[in-house]
Amino acid sequence: MRSLTILGATGSVGSSTLDLVARHRDRFRIAAVTARSDALGLARIARTHGASFAAVAEPAAYEPLREALAGTGIEAAAGPEAVAVAAARPADLVMAAISGAAGVAPVLAAIDAGITVALANKESLVAAGDLVMGSAARRGVSLLPVDSEHNAVFQALAGSRMEDVETVWITASGGPFRTWSAEAIAAARPEDALKHPNYAMGAKVTVDSAGLMNKGLELIEAHHLFALPPERLKALIHPQQVVHGMVGYRDGSVVAQLGAADMRVPIAHCLGFPERIDGPSRRLNLAEIGSLTFEEPDLGRFPALRLAIEAMRAGGRAPTVLNAANEVAVEAFLGRRIGFAEISRITEAALAAEGAGPAPATLGDLWLIDHAA
Ligand code: MG
């Protein structure tokens with residue numbers, strides 16, 4: 001029996017995790033759950049899965065959470081500190097599925113508590129890669145990659161020596177604008193950007209995917225996760241999203257992981273690791289799919305990917321600034337205050353103004369850089 005805490009339990013990855021937990025009641029029990037502001041949704045999850053602790057990040061959501069949990073014996077708490085407390089409560093595994101830089105502090109809290117982290121929060125590695133990886137190394141804590149591409153690479157690496165790895169590819173669907181002109185992309189509305197061809201995900205990652213910023217963030221995530229230099233990391237457009245990641249070795253072999261575009265595949269891998277557990281995803285029928293196609297990403301039409309690659313190469317605080325500016329710009333786009341092309345323009349301007357300097361060594365540094373950006 002493994003105990004599991006889910007940070008971001010009401011989101012897309014949280015829901016997929018709970019779906020798997022419900023199918024394996026004999027293997028997993030839920031310790032703590034957190035959400036940003038959906039108190040009623042969180043209370044329902046906590047009751048259904050018998051959690052002992054539930055926390056909302058939004059202080060205003062405390063009263064409804066407390067009321068909904070009254071008489072259940074489930075402890076209710078609120079505020080960002082309460083989310084970090086949830087992350088550090090005794091558990092065998094923490095599923096870190098909070099979106100954005102808000103996920104960094106809870107991830108660090110879980111690591112400090114010595115708990116294995118299944119990491120779906122890519123922004124924590126983009127914004128604070130050295131800090132998070134350094135803490136995990138010091139504490140001897142394993143990070144299991146949930147992001148489908150990184151999970152694929154993790155599987156394709158299969159414990160190989162990193163010095164034998166020549167190239168790592170992560171794939172991208174290309175998003176809803178893959179075939180659009182630069183002019184059409186610039187005029188895209190939130191409802192256009194929110195139409196991901198293969199995955200149903202949260203709004204932030206879906207907009208990031210539309211501009212290929214998501215792939216840029218994922219390159220930086222892979223750079224930290226696998227300690228690979230930028231020149232060995234490549235993004236590849238693959239509209240069918242059957243191959244999720246590939247590792248090329250010095251002997252010329254390339255090992256790929258394939259599977260349905262269903263987050264329950266990588267999540268099941270993390271939940272069961274190092275064993276395998278039954279997963280409900282649609283089985284791959286390659287004869288039915290027929291052909292798999294690949295293309296180079298177009299950095300001209302998708303400047304966000306170019307910015308992320310430049311930030312990864314520059315290192316230091318550049319990725320932190322990239323992440324912060326992008327996060328704010330995506331929110332402004334979703335709120336219809338700026339156009340789609342402005343997201344990368346604003347991010348580029350923030351990088352030019354604030355991108356030089358050392359990487360954050362503490363959470364305090366991180367918030368200073370984040371706010372400056
Ligand atoms: Mg991904």
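Start at 1 and go down the list; that is how both ligands and their atoms are numbered. Position 1 is the first residue of the sequence, and the numbers go up from there.
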field: Separation between CD1 of I30 and CG of L18, rounded to the nearest 0.5 Å
entry: 5.5 Å

message: Students often mix this up, so state it plainly: with edges at 30° and 60°, are the rings of H150 and F226 parallel, tilted or perpendicular?
response: parallel

message: Report the atom name of the nearest N/O/S atom of D147 relative to the Mg ion (ligand 1).
response: OD1

Proximal heteroatom of E149 relative to the Mg ion (ligand 1) (N/O/S): OE1

Short N-O contact, R283 and E288, less than 4.0 angstrom: no

field: Residue pair E75 / S52, side-chain donor-acceptor N/O under 3.5 Å
entry: no

field: Considering only N, O or S atoms of E218, the one closest to the Mg ion (ligand 1)
entry: OE2

